[in-house]
2 protein chains.
Amino acid sequence: MKLAEAKEQFIQSWGVLGSQWGINRTMAQVHALLLVASTPLSTDDIMLQLSISRGNANMNVRELMDWNLVNKVIVPGDRKEYFIAEKDIWKVATYIMQQRKKRELDPMVKVLNQLSDVEEDKKDPEVKAFTQAIENIKKFAGQADKTMDMMIKAEENWFWSNFLKLFK
Amino acid sequence: MKLAEAKEQFIQSWGVLGSQWGINRTMAQVHALLLVASTPLSTDDIMLQLSISRGNANMNVRELMDWNLVNKVIVPGDRKEYFIAEKDIWKVATYIMQQRKKRELDPMVKVLNQLSDVEEDKKDPEVKAFTQAIENIKKFAGQADKTMDMMIKAEENWFWSNFLKLFK
DNA sequence: TTTAATTTTCAAAAAGTTTTGAAAATTCAG
DNA sequence: CTGAATTTTCAAAACTTTTTGAAAATTAAA
């Protein structure tokens, strides 16, 4: 396989994977493009390589920066902005987890907490069953929360960083 | 808060969370409805409670069964089919992981493996950088794979089941 | 200051996804 | 078998999300 072909293939697959996990396909493709780029790319480069409009390119690069996955690079003597992706894939994963936890999981946990107090006959098996179901989900969410925090902090944590190396 | 109101709220939020993670909102709502139902529900119950069409209800229940999250229940002397959700939330999580790994992550890993051999000057820094990037992603995917398998098998595994209890 | 390059915005169009509902297929009691 | 109850299918409609592209805003060199 040729390099250009391999890059193309990677970008497509990364896009598909992203869209299956609720990430805009183009955003995932821009991310993939920057991940395998050997130099920083401008908006024009991105437009050209992915055949997308300026607005689309701009929007998705901006969102990738919100996610901390992409950074702006200034090239002296050049008006254009260039972009570069975080290449340490472990960092990429923790940034994504961090953001999704904050944006999506935390609001769900907040709702779950509000649902705990059903102000009705607490002897009613209907009520009991519901409260129990919610409690279980909350307990699980709490665990997942801790696991994520643990992984996010793993790099700064001797025990975990060494422990996880066992699985590499 | 009243029970009915709390259920409603839970169903809505579960639907939103699902759609953020690439799961059809209605499918997530049907799942939520069955999760907090105190008895098995028929297609008509689901249609009525979520205000959706028969086709939609049928389709999403069927897909939830494909995911192993919902099972059919036969009520003797009743022609209708009834449905019940897996209520052990740890099992729910592992089923989902299992399926998504198989359907979405494994195909990505397969593509990554094909991308490893770029038949071009392996001294070219361009080629080297790409190969390195792909290798890193593969290494990470391998880790993630192992972690998932580990969690999926955790229940059958003394060490992990006890270890994970530390975080409850 | 200009002014030209560049980035951002956003309404409208295109594309993609989900839902409906009625017809077809299936099931099963009598 | 027959026929009523139930489930499944799927083309068309509704809805949602993404993309475009040109105009407005911003930036910085001259």
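Below, chain A is the first sequence line, B the second, and so on; all start at residue 1.
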Quick check: does any side chain N or O of A/N58 sit under 3.5 Å from a backbone N or O of A/R54, one acting as donor and the other as acceptor? no
Using whole Å, report how far CG of B/N60 lies from C1' of D/dT9. 14 Å
Once you round it to whole Å, what is the distance between P of D/dT6 and CZ of B/R62? 15 Å
Cationic tip of B/R103 above B/W67 ring, under 6.0 Å, 45° of axis: yes
Out of C/dC28, D/dT7, D/dT20, minimum distance to the side chain of A/I52 belongs to D/dT20
Whether B/T43 contacts D/dT6 is assessed here as follows: a side-chain N or O lying under 4.0 Å from the phosphate OP1 or OP2. Is that the case? no
Would you kindly give the NZ-to-C1' distance between A/K80 and C/dT8, to the nearest whole Å? 16 Å
Taking D/dT8, C/dT19, D/dT19 as options, the one with an atom nearest any side-chain atom of A/N56 is D/dT19
Tell me the interatomic distance from A/N58, atom CG, to D/dA24, atom P, rounded to whole angstroms. 18 Å
Report the nucleotide, chosen from D/dT7, D/dT8, C/dT6, that has the shortest atom-to-atom distance to any side-chain atom of A/D78. C/dT6
Looking at D/dT7, C/dT19, C/dT7, which one has an atom nearest to any side-chain atom of B/M59? C/dT19
Once you round it to whole Å, what is the distance between P of D/dT17 and CZ of A/R25? 16 Å
Under 4.0 Å between a Lys/Arg side-chain N and an Asp/Glu carboxylate O for A/E126 and B/K2? no
Closest to the side chain of A/N24, out of C/dT7, C/dT19, D/dT19, is D/dT19
Which nucleotide sits closest to the side chain of B/E81: C/dT7, D/dT7, D/dT20? D/dT7
Provide, to the nearest angstrom, the distance between the CG atom belonging to A/D66 and the P atom belonging to C/dT8. 11 Å
Closer to the 5' end of DNA chain C via nearest nucleotide, is it B/M27 or A/K72? A/K72
Please classify the nucleic acid contact of B/R54 as base, sugar-phosphate, or nothing, using heavy-atom distances under 4.0 Å. base
Rounded to the nearest 0.5 Å, how far apart are CG of A/D45 and NZ of A/K80? 7.0 Å
Between C/dT17 atom P and B/I23 atom CD1, what is the distance in whole Å? 15 Å
Is it the case that atom CE in B/M27 sees more than 12 heavy atoms from other parts of the structure closer than 6.0 Å? yes
Rounding to an integer number of Å, can you tell me how far A/I46 CD1 sits from D/dT20 C1'? 17 Å
With the side chain of A/R79 defined as its heavy atoms from C-beta on, choose the nearest nucleotide among C/dT27, D/dA28, C/dT7. D/dA28
